[in-house]
Amino acid sequence: MGSAARAPADRARRITVRRRGPLLVEGPVEIELEDGTTVSSDRFRVALCTCRRSRRYPWCDTSHRRKA
């Protein structure tokens with residue numbers, strides 16, 4: 001099956017890695033956390049926190065910009 005014939009849900013998601021920043025993921029996304037709970041977003045792009053400083057974890061709130 002060619003890529004043009006794929007359904008949107010079958011399309012590969014693009015993830016952009018930023019040094020000292022969040023992972024940018026093309027959405028919509030569903031994320032399973034360590035404790036087994038699931039969070040989701042239907043936005044076209046989401047920022048996932050990699051530093052764990054976010055008050056909205058797993059979503060990035062730019063807390064990584066503040067000095068520790």
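All values below were derived from every heavy atom in this structure, side-chain atoms included, with hydrogens, water molecules and symmetry-related copies excluded.
Listed by chain and residue number, nothing satisfies the side chain to side chain donor-acceptor pair (under 3.5 Å) test with E30 (two or more places apart in sequence, or in another chain). Partners of R20 according to the salt bridge (Lys or Arg N to Asp or Glu O under 4.0 Å) rule, which considers only residues two or more places apart in sequence or in another chain, do not exist here. Listed by chain and number, the residues in a salt bridge (Lys or Arg N to Asp or Glu O under 4.0 Å) with R55 amount to none (sequence neighbours excluded).
Contact check for L48 versus C60: no side-chain heavy atoms found under the 4.5 Å cut-off. Using a 4.5 Å heavy-atom cutoff, the side chains of L33 and V39 are in contact.
The backbone N or O of G21 lies less than 3.5 Å from a partner atom in the side chain of T50, making a donor-acceptor pair. Side-chain atoms of S54 come within 3.5 Å of backbone atoms of W59 as a donor-acceptor pair (strictly under, hydrogens ignored).
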Start with the C-alpha gap between L23 and V17, add the side-chain angles, then the distance that decides, and say whether side-chain contact (heavy atoms from CB on, under 4.5 Å) holds.
CA-CA 5 Å; L23 292 175; V17 179; 3.7 Å; yes

For L24 and I15, run side-chain contact (heavy atoms from CB on, under 4.5 Å): C-alpha distance rounded to whole Å, both residues' side-chain angles, the deciding distance at 0.1 Å, then the answer.
CA-CA 6 Å; L24 301 177; I15 299 173; over 6 Å; no

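The pair R13-E26 does not meet the salt-bridge criterion, since no charged nitrogen lies less than 4.0 angstrom from a carboxylate oxygen.
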